[in-house]
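Keep in mind that this is a model prediction, so the values were computed, not measured. Side chains included, hydrogens not; waters and symmetry mates left out as well; all remaining heavy atoms used.
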Amino acid sequence: MTTMTETSARFREFKMPDVGEGLTEAEILKWFVQPGDTVTDGQVVCEVETAKAAVELPIPFDGVVHELRFPEGTTVDVGQVIIAIDVAPGSGDAPAPAPAAAPVQEPVEAAGSGDGDAPKGRTPVLVGYGVAESSTKRRPRKGASAAPEAAAVAAAVQAELNGHAASAAAAPAPSVPAQAGAQDGGRPLAKPPVRKLAKDLGIDLATVVPTGKDGIITREDVHAAAAPAVAPGAAPVQPAPAPVTAEAPAAAVPASARETRIPVKGVRKAIAQAMVGSAFTAPHVTEFVTVDVTRTMKLVAELKEDKDMAGVRVNPLLIIAKALLVAIKRNPEVNAAWDEANQEIVQKHYVNLGIAAATPRGLIVPNIKDAHDKTLPQLAAALGELVTTARDGKTSPAAMAGGTVTITNVGVFGVDTGTPILNPGESAILAVGAIKLQPWVHKGKVKPRQVTTLALSFDHRLVDGELGSKVLADVAAILEQPKRLITWA
């Protein structure tokens, strides 16, 4: 499917793209342009969130934004037009923009979702691991409990967009994100976190009385506008978690609230479906071992001073990751996948090492491609880049695809260990507990030593107790005597 259509020689439309990897919809998180703004080929015009990650969409041609078909917060099916571009501005009168579309509750069929070039019967997809069987139904927009309400919201948004376009035509301005500010007679002045808060609480900023400097609407102004709308004892809408880059505090929940309901969508929905599928498909077995990692901690301290490791982050997770890679090399049968359709075990001759990362959008598991081929400095650099990208909310769907085994570090929360659920399609996952100073028998005497507990969950269809025990024992042995990284490598 193409991502754009040509409505005339002058106007071209850009569709929610289909990259053929499994998801059928995405939510528009933010528009970076407004009607009247000039765009160039390759310029990012919006950010959308799929069930896997947030993705920025570039426009594939030059021109002037004619209309935005959907407001922020709308979930859009793949193949639907989201923006129209005037590629020949000034050549004649432009047709009136179409009304902003309200979210559709029914799935979009492949035959009617694009230009007719999609294979018959195929559901257009966006990004992920393959066409999901769970649902292709449109998720309702927040607060859209009835069609008249959705139409009213859409009309209000379009009226706001038309007003902005008119002011832009009178006084052209450079293309900037709409949330960066406002002109006289345009959108109300408010910072991005305040706009998000207002959207989450269902407050129209045009109705809020500003008290901030230069007429800027503050968080307190939004809360003041929202307070009368909350009935006694009613549960207000809980704001969605802010992106990892936002530092604004979460909206306060009134003390009278007894419940808060949070829509399950995006990454959180995908996590829930994946974990249920994994837990009830793969027979899980978890084994535990407690190990003295004092020598590993000394090695970490030494590597931090090593000039060959300059510029990269060195921590216990780096050594644990390397230990797991060595253990897999010694027990390659553990690195496999179960092919249910063909009733085959697929042996992997590479290791894409997943690292579970908690983000405000939910738990994600990006992986280091071909981690088995990396030196210690290369592995450290890859780990650092993976963590930084995840914290910035910029992890791509491709970075989360194709994992073979995973590490989850629950120790950072002070937890001793756990029984982790397998990442779908993988054979094993290693949970690392907190490293604590504990009394330990060392060389016949009780001494304070750095100790941790490891837990290895594995798919018992692929990995029997002997193989799983060998892998876990090898990881523990390396962490107890890190010199085995050299002798066993």
Side-chain angles (χ1 to χ4, degrees), residues 1 17-26 50-53 77-79 107-111 113 117-137 266-286 328 331-354 356 363-372 396-406 408 419-430 456-468 471:
M1 172 187 293
D18 170 8
V19 295
E21 294 187 18
L23 302 180
T24 59
E25 62 185 19
T50 71
K52 295 297 179 184
D77 284 321
V78 166
V108 176
E109 299 297 333
S113 59
D117 57 344
K120 185 176 182 180
R122 176 180 179 275
T123 302
V125 292
L126 189 59
V127 271
Y129 298 134
V131 177
E133 299 178 359
S134 57
S135 173
T136 57
K137 185 173 289 186
V267 175
R268 177 60 60 187
K269 182 177 180 180
I271 293 170
Q273 293 173 344
M275 291 300 98
V276 170
S278 176
F280 292 99
T281 300
H284 284 57
V285 172
T286 304
I328 293 172
N331 305 276
E333 297 85 357
V334 75
N335 190 40
W338 183 269
D339 186 340
E340 180 66 26
N342 296 314
Q343 288 295 293
E344 294 176 339
I345 293 175
V346 182
Q347 188 74 48
K348 305 293 180 65
H349 303 299
Y350 59 90
V351 181
N352 289 345
L353 182 62
L363 180 72
I364 63 173
V365 188
N367 60 76
I368 300 172
K369 309 299 184 187
D370 294 324
H372 64 290
S396 68
M400 293 183 281
T404 59
V405 296
T406 290
T408 177
T419 54
I421 297 177
L422 293 167
N423 203 32
E426 299 184 10
S427 59
I429 179 171
L430 178 69
L456 183 72
S457 291
F458 48 86
D459 186 341
H460 216 336
R461 297 173 299 178
L462 302 163
V463 183
D464 58 24
E466 178 185 12
L467 178 58
V471 172

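Between Asp459 and Pro283, some side-chain heavy-atom pair lies under the 4.5 Å cut-off. Contact annotation: the side chain of Glu25 approaches that of Asp77 to within less than 4.5 Å [non-hydrogen atoms, C-beta and beyond].
Shown here are the side-chain contact (heavy atoms from CB on, under 4.5 Å) partners of Thr408, two or more places apart in sequence or in another chain: Ala356, Val410, Pro420, Ile429, Ala431. Residues meeting the side chain to side chain donor-acceptor pair (under 3.5 Å) test with Asn331, sequence neighbours left out: Asp474. Take Glu340 and apply the side chain to side chain donor-acceptor pair (under 3.5 Å) test, not counting sequence neighbours, and it matches Trp338, Gln343. Among residues two or more places apart in sequence or in another chain, the side chain to side chain donor-acceptor pair (under 3.5 Å) test is passed with Lys348 by none. Remark: Asp464 pairs with His460, Glu466, Leu467 by the side-chain contact (heavy atoms from CB on, under 4.5 Å) rule, at least two apart or across chains. Scored by the side chain to side chain donor-acceptor pair (under 3.5 Å) test, Asp370 finds no partners at all (sequence neighbours excluded).
If you run side chain to side chain contact (heavy atoms under 4.5 Å, CB included) between Ser427 and each of Val405, Val346, Thr404, only Val405 comes through.
With values rounded to the nearest 0.5 angstrom, Leu456 atom CG is found 8.0 Å from Thr286 atom OG1. Of the inter-residue distances, the one linking Ser457 atom OG with Ile421 atom CD1 reads 8.5 Å to the nearest 0.5 angstrom. Note: Glu426 CD to Leu462 CG = 11.5 Å, rounded to the nearest 0.5 Å. The line from OG1 of Thr406 to CG of Asn367 is 7.5 Å long, rounded to the nearest 0.5 Å. Here CD1 of Ile328 is found 11.5 Å from CD of Glu333. Values are rounded to the nearest 0.5 Å. Distance NE2/His349 to CG/Asn335: 9.5 Å, rounded to 0.5 Å.
Here the shortest heavy-atom pairing between Ala428 and Val334 reads CB-CG2, 4.4 Å.
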